[in-house]
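The next block holds one structure in the form of structure tokens; read it before the comments.
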Amino acid sequence: MPEIREIAEGGTLRAARALLELRPQRAPAEALAALADGQRAAGYRLVGSFEPGEEDAAAVAGFRVQENLAWGRHLYVDDLVTRADRRGRGHGAALMRWLAVEACRAGCEQLHLDSGVGPQREDAHRLYFNAGLRISSYHFQRPIAGREGS
């Protein structure tokens, strides 16, 4: 059974191995950890799923509790990933259950996340559907001219 625990600032490197599988453009691990810790002042939090005896998280969720006009008070999942070599062991489902309990504890009305599309995302989408999430909108984006990568 996975152990779920929140990862405090200063422990973010324990989440980096998993997060780099989702966000490889943020490598190396130290840079990713610094970026994640830099978001903590805006409410970003990390929770990990750990296998017995392992220091690095097998799976990680980065999230924040927010409030806006559209959704009211809600928990938004920025990042959710299970390391490829740890998939199929219940880590993602355990994190989804923890996030739902945390949303309730924090007085949230809803839980939200965005997910990429394509055949490689089918397992993730199955996890979300099994956790009771439904597709409720499209998410649109565009690069901004003059910015790096646009």
Heavy-atom closest contact (Gly116 atom, Arg121 atom, distance)
O-CG, 3.5 Å
Go through the steps for Leu99 and Leu113 under the test side chain to side chain contact (heavy atoms under 4.5 Å, CB included), then give the verdict.
CA-CA 11 Å; Leu99 290 163; Leu113 66 80; over 6 Å; no
Acceptor/donor pairs from residues 22-36 side chains to any protein atom, 3.5 angstrom cut, sequence neighbours excluded:
from: Arg23; atom 1: NE; to: Asp79; atom 2: OD1; distance (Å): 2.8
from: Arg23; atom 1: NH2; to: Asp78; atom 2: O; distance (Å): 3.0
from: Arg23; atom 1: NH2; to: Asp79; atom 2: OD1; distance (Å): 2.8

Roughly how far, to the nearest 0.5 Å, is the CZ atom of Arg73 from the CD atom of Glu109?
9.5 Å
Determine whether Val77 and Leu46 fall in the same hydrophobic cluster, where Ile, Leu, Val, Met, Phe, Trp and Tyr are linked whenever their side-chain heavy atoms lie under 4.5 Å apart.
no
For Gln120, is the CD atom crowded, meaning more than 12 foreign heavy atoms sit under 6.0 Å from it?
yes
Decide yes or no on side chain to side chain contact (heavy atoms under 4.5 Å, CB included) for Ile135 and Phe129, but give the supporting numbers first.
CA-CA 9 Å; Ile135 298 169; Phe129 284 128; 3.9 Å; yes
Is it the case that the side chains of His74 and Gln66 hold a donor-acceptor pair, with the cut-off being a distance below 3.5 Å and no angle test?
yes
Which heavy atom of Cys108 sits nearest to which heavy atom of Leu75, and what is that distance?
SG-N, 3.6 Å
Can you measure from CZ (Arg89) to CZ (Arg83) and round to the nearest 0.5 angstrom?
8.5 Å
CD-OG1 distance between Glu9 and Thr12, expressed to the nearest 0.5 angstrom:
6.5 Å
Hey, any chance Phe63 and Ile4 share a hydrophobic cluster, counting ILVMFWY side chains that come within less than 4.5 Å of each other, even indirectly?
yes
Rounded distance (nearest 0.5 Å) linking atom CG of Asp37 with atom CG of Leu13:
8.5 Å
Give the ring-plane orientation class for Phe140 versus Tyr138, where under 30° counts as parallel, over 60° as perpendicular and anything between as tilted.
tilted
Ala84: side-chain contact (heavy atoms from CB on, under 4.5 Å) partners, not counting sequence neighbours
Glu21, Arg87
Are Val47 and Phe50 grouped together when hydrophobic residues (ILVMFWY) are joined by side-chain heavy atoms under 4.5 angstrom apart?
no
Relative to each other, are the rings of Trp71 and His112 parallel, tilted or perpendicular (30° and 60° limits)?
parallel
Is there a path of hydrophobic side-chain contacts, each under 4.5 Å between heavy atoms of I/L/V/M/F/W/Y residues, joining Val81 to Leu95?
no
ILVMFWY cluster, Ile7 and Tyr44 together (side-chain gap under 4.5 Å):
yes
Non-hydrogen atoms of Pro2 and Ala94 that approach each other most closely:
CG-CB, 4.3 Å
Determine the interplanar angle of the His125 and Tyr128 rings, folded into 0 to 90°, and report it as parallel if under 30°, tilted if 30 to 60°, perpendicular if over 60°.
tilted
The test is side chain to side chain contact (heavy atoms under 4.5 Å, CB included); show your working for Val60 and Arg14 and say whether it passes.
CA-CA 9 Å; Val60 175; Arg14 296 284 148 236; over 6 Å; no
CG on Leu80 to CE on Met96, rounded to 0.5 Å
6.5 Å
Between Arg86 and Glu54, is there a side-chain N and carboxylate O pair less than 4.0 Å apart?
yes
Find out whether Leu127 and Thr82 are in side-chain contact, i.e. whether some heavy atom of one side chain is under 4.5 Å from a heavy atom of the other.
no
To the nearest 0.5 angstrom, please state how far the CZ atom of Arg64 sits from the CZ atom of Arg45.
11.5 Å
Using a cut-off of 6.0 Å, state whether more than 12 heavy atoms not belonging to Arg134 lie near its atom CZ.
yes
